[in-house]
Amino acid sequence: MATVYLTRRERFNAAHKLWVKDWSAKKNFKIFGKCANKNFHGHNYELFVTVKGTPDPLTGFVMDAKVLSNLIKKEVTNHLDHSNLNKDVKFISKKTQPTTENLVILIWKQLTPHIKGCQLHSVKLYETENIFAEYFGE
Ligand code: NI
C-alpha cells in the first residue's frame with residue numbers, strides 16, 4: 001500500500017510580542033530582537049498542514065483537501081487571523097511565549113483529534129520567508 005503525503009497551505013496575519021517579564025529590557029531585546037518591540041508587531045504567517053495515508057481507490061484522495069482546508073480554518077486560522085497571539089487566542093495560554101516553535105505544537109493539538117481516515121503528519125509554520133518551525137507530534 002502506497003503512503004502519500006498531502007499538504008494544504010493556509011495563511012493568516014497576527015501580532016505578537018516576545019518578552020520575559022523577569023528579564024531586563026536590554027536582555028529581552030538582545031534575545032528577541034525586534035520581536036520584543038513594546039507595542040507588538042505583525043507577521044504574515046504561512047501554515048502548511050500535511051496528512052498521510054493511502055489514496056482511496058474510488059476518489060484517489062488521501063483526504064478531501066476542501067475538508068482539510070475547512071478544518072484548518074475552523075480550528076486554527078479563524079482563531080489566529082488578525083489576532084494578538086499574546087492576548088486573544090483561547091488555545092494559547094497567556095504564559096506561553098507565542099513563538100513559531102510553540103505555535104506549531106498548539107496547532108497540532110487543535111487539529112489532530114479532527115483528522116479522520118488518515119493521519120496528521122506535520123504542521124509547518126513560516127513566520128517569515130526565512131524562518132519556519134515544523135512539528136511531527138513527538
Ligand atoms: Ni515577531
Side-chain angles (χ1 to χ4, degrees):
M1 296 273 263
T3 301
V4 177
Y5 297 77
L6 172 74
T7 300
R8 176 76 203 188
R9 179 182 70 163
E10 298 290 338
R11 289 188 266 210
F12 63 93
N13 310 311
H16 77 166
K17 175 184 171 182
L18 303 180
W19 192 266
V20 173
K21 230 175 22 189
D22 295 338
W23 291 354
S24 66
K26 194 179 165 195
K27 183 164 181 186
N28 271 291
F29 281 106
K30 186 174 176 225
I31 301 297
F32 296 125
K34 287 178 178 175
C35 280
N37 278 352
K38 186 175 159 213
N39 292 324
F40 303 89
H41 61 278
H43 290 284
N44 299 319
Y45 289 95
E46 226 180 348
L47 172 64
F48 294 84
V49 174
T50 302
V51 295
K52 72 171 175 180
T54 305
D56 180 271
L58 207 58
T59 62
F61 290 170
V62 169
M63 180 177 180
D64 185 327
K66 283 194 300 297
V67 171
L68 181 56
S69 173
N70 290 338
L71 183 61
I72 298 166
K73 287 187 178 91
K74 179 165 178 251
E75 300 297 332
V76 179
T77 53
N78 286 353
H79 301 274
L80 301 179
D81 192 33
H82 288 70
S83 76
N84 179 325
L85 300 175
N86 296 77
K87 296 182 172 187
D88 298 339
V89 184
K90 261 192 210 152
F91 66 81
I92 306 175
S93 148
K94 306 279 181 292
K95 291 176 191 151
T96 301
Q97 204 69 251
T99 59
T100 311
E101 293 92 317
N102 281 332
L103 288 173
V104 288
I105 299 170
L106 296 171
I107 292 168
W108 177 285
K109 286 182 181 161
Q110 284 295 106
L111 290 175
T112 195
H114 304 283
I115 305 286
K116 311 284 182 210
C118 59
Q119 276 179 280
L120 186 56
H121 173 67
S122 69
V123 171
K124 181 157 79 170
L125 183 64
Y126 280 79
E127 182 177 275
T128 71
E129 60 184 317
N130 297 320
I131 299 176
F132 67 88
E134 194 165 15
Y135 183 57
F136 299 93
E138 294 157 14

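Note that ligands are numbered from 1 as they come in the structure, with each ligand's atoms numbered from 1 the same way. Values in this document were obtained by computation on a predicted structure and should not be read as measured data. The figures here come from the full heavy-atom set of this structure, side chains too, leaving out hydrogens, waters and symmetry mates.
- Between F32 and W23, the ring-plane angle classifies as parallel under the 30° and 60° cut-offs.
- Applying the side chain to side chain donor-acceptor pair (under 3.5 Å) rule to pairs touching residues 123-138 yields T100-E127, sequence neighbours excluded.
- Note on the Ni ion (ligand 1): protein N/O/S atoms under 2.8 Å are H16 NE2, C35 SG, H41 NE2, H43 NE2.
- Separation of the F40 and H16 ring centroids does not fall under the 6.0 Å cut-off.
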For residues 105-115, dump all side-chain donor-acceptor pairs below 3.5 Å to protein atoms at least two apart in sequence or in another chain.
unit_1 : atom_1 : unit_2 : atom_2 : d
Q110   : NE2    : E75    : O      : 2.8

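- Residue pairs meeting the salt bridge (charged side-chain N to carboxylate O under 4.0 Å, His left out) criterion with at least one member in residues 9-19, sequence neighbours excluded: R8-E10, R9-E46, E10-K73.
- Side chain of H43 to main chain of N13: no donor-acceptor pair is present (N/O by atom type, distance under 3.5 Å, no hydrogens or angles).
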